[in-house]
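Here it is, the structure, as structure tokens.
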Amino acid sequence: MPTHFTRRLALLGSLAGALTAATLTPTLAQETIRIGGLTTLEGPFAEPGKDSFRGMELAFEEVGYMVAGKKIEFIKASSNGNPDVALQSVRRLVEQDKTPIVIGPLSGSEGIRLRDYAKTVPNITFFNGSSAAIETTLVDPAPNFYRFNTEGAQWTAALGTYVKKEKGWNKVVVVSEDYSFPYAQIFGFMGTYCSAGGKVPNKYFVPLGTKDFSSVIAQLPAKGEVDGMFVVLGGADAVNFLTQYAQSGGELPMIGGSITVDQTVLSAKGPARAMLPGVLSSGPISDNDPSPAWKAFVAAYKKKFPDGLPSPSLFAFNYYVSTKAALLGLEKVKGDLSDGAAAYRKVLDTLSFDTPTGPVSINKNRQASATIFINEIVEKDGILTTDPVKSVPGVDQYLGLSEAAYAKLGSPSRDNPSCP
């Protein structure tokens with residue numbers, strides 16, 4: 001009897017071991033697809049970073065965290081807007097967490113760094129989060145890095161024409177953070193503004209994370225010397241500048257960069273708030289877009305995140321669209337990421353689909369064309385939101401120019417464009 005009982009225990013032990021081993025086999029592991037998300041949860045863009053992950057979660061929830069019959073495992077990573085930190089975080093996602101798909105980053109210079117890293121891991125597929133530096137897809141792009149959202153120059157090109165021709169502003173100054181994304185915003189705005197005859201006599205640049213803007217405010221021209229200022233600051237930087245400018249009695253009319261008038265800034269309290277009603281801006285979304293698709297997206301956001309922002313930010317929207325692209329591609333290839341994801345990327349190269357703001361498609365650089373809105377900040381029921389003044393569908397990477405003509409404009413920088 002003891003011998004028989006011992007044999008049964010041994011058999012049960014063998015079966016348990018076999019089952020444990022089975023849970024670790026590649027076959028079963030393939031029933032789960034790991035998707036990494038990278039955003040900024042520290043530094044001046046911490047609030048936008050939180051909303052970025054909300055956008056991803058909305059996309060995952062739409063499909064019940066399942067794609068092509070496989071479970072989605074969402075693995076999060078964080079940066080602080082610094083390209084080196086972003087690189088460290090994405091390497092952990094790829095090399096330690098073994099994520100074959102990465103969605104991110106948030107900030108412009110981070111995107112350029114991840115594009116370069118993508119070239120070293122050709123079997124991994126990257127989807128831009130909301131990073132909007134021009135160079136990410138225009139200069140030596142990576143074949144496995146996709147941007148299904150528009151970039152900084154696309155967001156502001158329509159604003160330059162509108163401010164000169166419709167508002168009659170002949171001269172503006174620029175106040176901006178000093179890195180690649182604001183350069184792109186200025187490039188798009190000034191490209192059309194200068195071509196229409198506008199002048200930009202001065203640009204004032206500050207480091208990312210600046211807290212004291214007194215030296216910049218002291219240099220700004222008085223009302224009447226210029227028609228206004230174009231402010232390209234985001235997150236805490238925008239709130240700090242607007243607060244200090246209001247406290248100084250500043251009176252210059254403003255137009256805003258896309259992240260200067262985002263919900264992560266419009267939701268701020270205090271003196272900054274009084275500076276914002278009536279400010280014009282442009283970007284990939286409009287809070288009060290009347291389209292049914294946008295209204296449905298806002299309703300889903302508010303239901304899922306009752307403690308979130310009054311309306312989804314451009315960061316939530318961009319990460320949502322990127323995640324949607326990743327999932328649509330996976331569905332088309334039935335979750336097949338074999339052979340270095342060759343079939344997956346072949347599908348992505350020609351993928352087009354409808355978003356809450358209209359259709360999106362990508363060009364040979366894997367860069368999106370999509371709708372851009374010119375907006376005005378309004379106050380409704382005590383909440384600041386953006387009202388659409390005009391929408392421009394299908395804005396492409398070359399801003400309506402030929403590729404050759406666009407190339408002649410050169411790369412965005414502190415000094416380019418220039419029309420003093």
message = Side chains of Asn144 and Thr125 only: does a donor on one sit below 3.5 Å from an acceptor on the other?
response =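 Result is no, nothing qualifies.
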
ask   = Under 4.5 Å between any side-chain heavy atoms of Leu38 and Ile103, yes or no?
value =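 Side chain of Leu38 against side chain of Ile103, heavy atoms only: no contact under 4.5 Å found.
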
key: side chain to side chain donor-acceptor pair (under 3.5 Å), paired with Thr137, selected from Arg147, Glu151, Arg366, Arg115   =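 In the set Arg147, Glu151, Arg366, Arg115, the residue that makes a side chain to side chain donor-acceptor pair (under 3.5 Å) with Thr137 is Arg147.
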
query = Is the shortest heavy-atom distance from the side chain of Ser291 to the side chain of Thr357 under 4.5 Å?
reply =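 The answer is no; the side chains never approach within 4.5 Å.
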
ask   = Take atom CZ in Arg91; do more than 12 heavy atoms of anything else shown fall under 6.0 Å from it?
value =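 Atom CZ in Arg91 is not packed in, count stays at 12 or less.
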
query = When you check the side-chain N and O atoms of Thr386 and Asp287, is any donor under 3.5 Å from an acceptor?
reply =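 The criterion, which ignores hydrogens and geometry beyond distance, is satisfied for Asp287 and Thr386.
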
request  = Compare every heavy atom of Ser79 with every heavy atom of Glu110, then report the nearest pair and how far apart it is.
outcome  =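 Looking at all heavy atoms of both residues, the closest pair is OE2-OG, 2.6 Å.
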
ask   = Between Ser214 and Gln244, does any side-chain donor sit less than 3.5 Å from a side-chain acceptor?
value =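 No donor-acceptor contact under 3.5 Å links the two side chains.
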
inquiry  = With no hydrogens and no angle check, just 3.5 Å: does a side-chain donor-acceptor pair link Thr150 and Trp155?
reply    =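 A donor-acceptor contact under 3.5 Å links the two side chains.
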
key: Within-4.5 Å side-chain heavy-atom neighbours: Glu31 and Lys71   =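 They are not in side-chain contact.
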
message = Quick check for you: to the nearest 0.5 Å, what is the distance between Leu114 atom CG and Lys119 atom NZ?
response =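 Result: 12.0 Å between the selected atoms.
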
task = Carefully, step by step, assess Gln185 and Ser258 under the rule side chain to side chain contact (heavy atoms under 4.5 Å, CB included).
result = CA-CA 8 Å; Gln185 293 258 278; Ser258 306; 3.2 Å; yes

query = Do Phe127 and Phe145 have their ring centres less than 6.0 Å from each other?
reply =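 No; Phe145 has its ring centre 6.0 Å or more from that of Phe127.
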
task = Check whether any side-chain heavy atom of Cys419 lies under 4.5 Å from a side-chain heavy atom of Met190, and answer yes or no.
result =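 The answer is yes; the side chains approach within 4.5 Å.
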
message = Please determine whether a side-chain nitrogen of the Lys or Arg among Glu61 and Lys304 lies less than 4.0 Å from a carboxylate oxygen of the Asp or Glu.
response =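 Yes, Glu61 and Lys304 are salt-bridged.
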
ask   = Picking from Val172, Thr161, Val174, what satisfies side chain to side chain contact (heavy atoms under 4.5 Å, CB included) with Phe189?
value =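 The passing option is Val172.
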
query = Atom CG in Leu276, atom CG in Leu384: separation rounded to 0.5 Å?
reply =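 Those atoms lie 6.0 Å apart.
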
key: For Met56 against Phe74, the heavy-atom pair lying closest together   =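 Taking every non-hydrogen atom into account, CE-CE1, 3.5 Å.
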
request  = Locate the shortest heavy-atom distance separating Thr371 from Ser391; write the atom from each residue and the value.
outcome  =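 Nearest pair, atom of Thr371 first, then Ser391: CG2-CB, 4.1 Å.
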
message = Using a strict threshold of under 4.0 Å (side-chain N to carboxylate O), is an ion pair present between Asp97 and Arg92?
response =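 Looking at Asp97 together with Arg92, the answer is no, because their closest N to O distance does not fall below 4.0 Å.
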
request  = With Lys390 as the cation and Phe373 as the aromatic partner, state whether NZ or CZ is under 6.0 Å from the six-membered ring centre and within 45° of the axis.
outcome  =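 No - Lys390 does not lie over the ring of Phe373 by the 6.0 Å and 45° rule.
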
inquiry  = Under the criterion side chain to side chain contact (heavy atoms under 4.5 Å, CB included), I'd like the reasoning laid out for Thr385 against Val378: C-alpha separation, chi angles, the key distance, then a yes or no.
reply    = CA-CA 6 Å; Thr385 58; Val378 296; 3.6 Å; yes

Tabulate below the donor-acceptor pairs under 3.5 Å that side-chain atoms of residues 227-239 make, not counting sequence neighbours, or state none.
unit_1	atom_1	unit_2	atom_2	d
Asp227	OD2	Asn170	N	2.7
Asp227	OD2	Lys171	N	3.0
Asp237	OD1	Gly209	N	3.3
Asp237	OD2	Gly209	N	3.0

key: Exercise: identify the closest heavy-atom pair between Val347 and Gly329   =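 Val347 and Gly329 have their closest heavy atoms at CG1-CA, 4.1 Å.
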
message = Using side chain to side chain contact (heavy atoms under 4.5 Å, CB included), reason through Asp84 and Arg113 one step at a time and then give a plain yes or no.
response = CA-CA 8 Å; Asp84 293 333; Arg113 185 64 59 87; 2.4 Å; yes

No-hydrogen, no-angle side-chain donor-acceptor test under 3.5 Å, Ser361 and Ser352 =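 Ser352 and Ser361 do not have a side-chain donor-acceptor pair below 3.5 Å.
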
request  = Please round to the nearest 0.5 Å and tell me the distance separating atom OH of Tyr398 and atom CG of Asn363.
outcome  =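 Nearest 0.5 Å value for the OH-CG distance: 5.5 Å.
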
query = Are Val163 and Glu166 close enough that some pair of their side-chain heavy atoms sits under 4.5 Å apart?
reply =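 With C-beta onward as the side chain, the pair stays apart.
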
message = In terms of relative ring orientation, are Tyr319 and Phe53 parallel, tilted or perpendicular, with 30° and 60° separating the classes?
response =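 Because their plane-to-plane angle is over 60°, the rings of Tyr319 and Phe53 count as perpendicular.
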
task = Report yes if some heavy atom in the side chain of Leu314 is under 4.5 Å from a heavy atom in the side chain of Ile259; otherwise report no.
result =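 A side-chain contact exists here, since the closest heavy-atom pair is under 4.5 Å.
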
message = Suppose the criterion is ring pair (Phe, Tyr, Trp, His ring centres under 6.0 Å): which pairs have a residue in residues 253-275, not counting sequence neighbours?
response =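 Checked against ring pair (Phe, Tyr, Trp, His ring centres under 6.0 Å) - neighbours excluded - no pair reaches residues 253-275.
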
message = Tell me whether the rings of Phe181 and Tyr179 are parallel (<30°), tilted (30 to 60°) or perpendicular (>60°).
response =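 If you compare the ring of Phe181 with that of Tyr179, the planes turn out tilted.
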
message = I need the Ser131 OG to Ile112 CD1 distance, nearest 0.5 Å.
response =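 Between atom OG of Ser131 and atom CD1 of Ile112 there are 7.0 Å.
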
message = Under a plain distance cut-off of 3.5 Å, with no hydrogens placed, do Tyr65 and Glu57 share a side-chain donor-acceptor pair?
response =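 Absent: no donor and acceptor within the cut-off.
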
key: Lys/Arg N to Asp/Glu carboxylate O, Glu379 vs Arg273, below 4.0 Å   =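 A salt bridge is present here (some side-chain N lies under 4.0 Å from a carboxylate O).
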
Basic-acidic side-chain contact under 4.0 Å: Lys408, Glu403 =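 Answer for the salt bridge query: no.
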
query = In Å, rounded to the nearest 0.5 Å, how long is the span from OG1 of Thr355 to CG of Asn149?
reply =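 Spacing of OG1 (Thr355) from CG (Asn149) equals 10.0 Å.
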
message = Using the rule given for side chain to side chain contact (heavy atoms under 4.5 Å, CB included), can you reason through Glu177 versus Phe205, listing the C-alpha separation, both sets of side-chain angles and the distance that settles it, and then say yes or no?
response = CA-CA 5 Å; Glu177 289 155 332; Phe205 290 99; over 6 Å; no

ask   = Where do Lys295 and Asp289 land on the salt bridge (charged side-chain N to carboxylate O under 4.0 Å, His left out) test, with the steps shown first?
value = CA-CA 7 Å; Lys295 287 184 174 181; Asp289 177 2; over 6 Å; no

ask   = Which residue pairs pass the ring pair (Phe, Tyr, Trp, His ring centres under 6.0 Å) test when at least one of the two sits in residues 243-279, sequence neighbours left out?
value =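 Every pair satisfying ring pair (Phe, Tyr, Trp, His ring centres under 6.0 Å) with a residue in residues 243-279: Phe241-Tyr245.
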
message = Strictly below 4.0 Å, N to O, side chains only: are Lys346 and Asp349 in salt-bridge contact?
response =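 Salt bridge flag = no for Asp349 with Lys346.
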
Sidechain N-carboxylate O distance under 4.0 Å for Glu73, Lys98 =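 No, this pair does not count.
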
task = In plain terms, say whether Glu47 and Lys50 are close enough for a salt bridge, that is, a side-chain N and a carboxylate O under 4.0 Å apart.
result =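 Counted as a salt bridge, because a side-chain N and a carboxylate O are separated by less than 4.0 Å.
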
query = How about Pro122 and Pro143: do any of their side-chain heavy atoms sit closer than 4.5 Å?
reply =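 Heavy-atom side-chain distance check fails, nothing below 4.5 Å.
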
ask   = Does Asn80 reach the main-chain N or O of Gly43 with its side chain, forming a donor-acceptor pair under 3.5 Å?
value =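 No; zero donor-acceptor contacts below 3.5 Å.
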
query = Looking just at side-chain N and O atoms, do Asn375 and Ser286 make a donor-acceptor pair shorter than 3.5 Å?
reply =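 A donor-acceptor contact under 3.5 Å links the two side chains.
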
task = State, without any angle test, whether Ser282 and Thr156 hold a side-chain donor-acceptor pair at a distance under 3.5 Å.
result =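 Side chains of Ser282 and Thr156: no pair found under 3.5 Å.
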
task = Indicate whether any N or O donor in one side chain lies under 3.5 Å from an N or O acceptor in the other, for Asp51 and Tyr301.
result =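 Side chains of Asp51 and Tyr301: pair found under 3.5 Å.
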
request  = Let me see the working for Asn416 and Tyr183 under side-chain hydrogen bond (donor to acceptor under 3.5 Å, both in side chains), right down to the final yes or no.
outcome  = CA-CA 8 Å; Asn416 186 44; Tyr183 298 165; over 6 Å; no

task = Could you tell me how the ring of Trp294 sits relative to the ring of Phe297: parallel (under 30°), tilted (30 to 60°) or perpendicular (over 60°)?
result =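 Tilted.
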
key: Val392 versus Ala158, closest heavy-atom pair with distance   =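 Of all heavy-atom pairs spanning Val392 and Ala158, the closest is CG2-CB, 4.1 Å.
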
query = Heavy atoms, side chains only, cut-off 4.5 Å: are Thr99 and Val102 in contact?
reply =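 The answer is yes; the side chains approach within 4.5 Å.
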
task = State the CD-OG distance between Glu135 and Ser109, to the nearest 0.5 angstrom.
result =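 Rounded to the nearest 0.5 Å, the CD-OG separation comes to 8.0 Å.
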
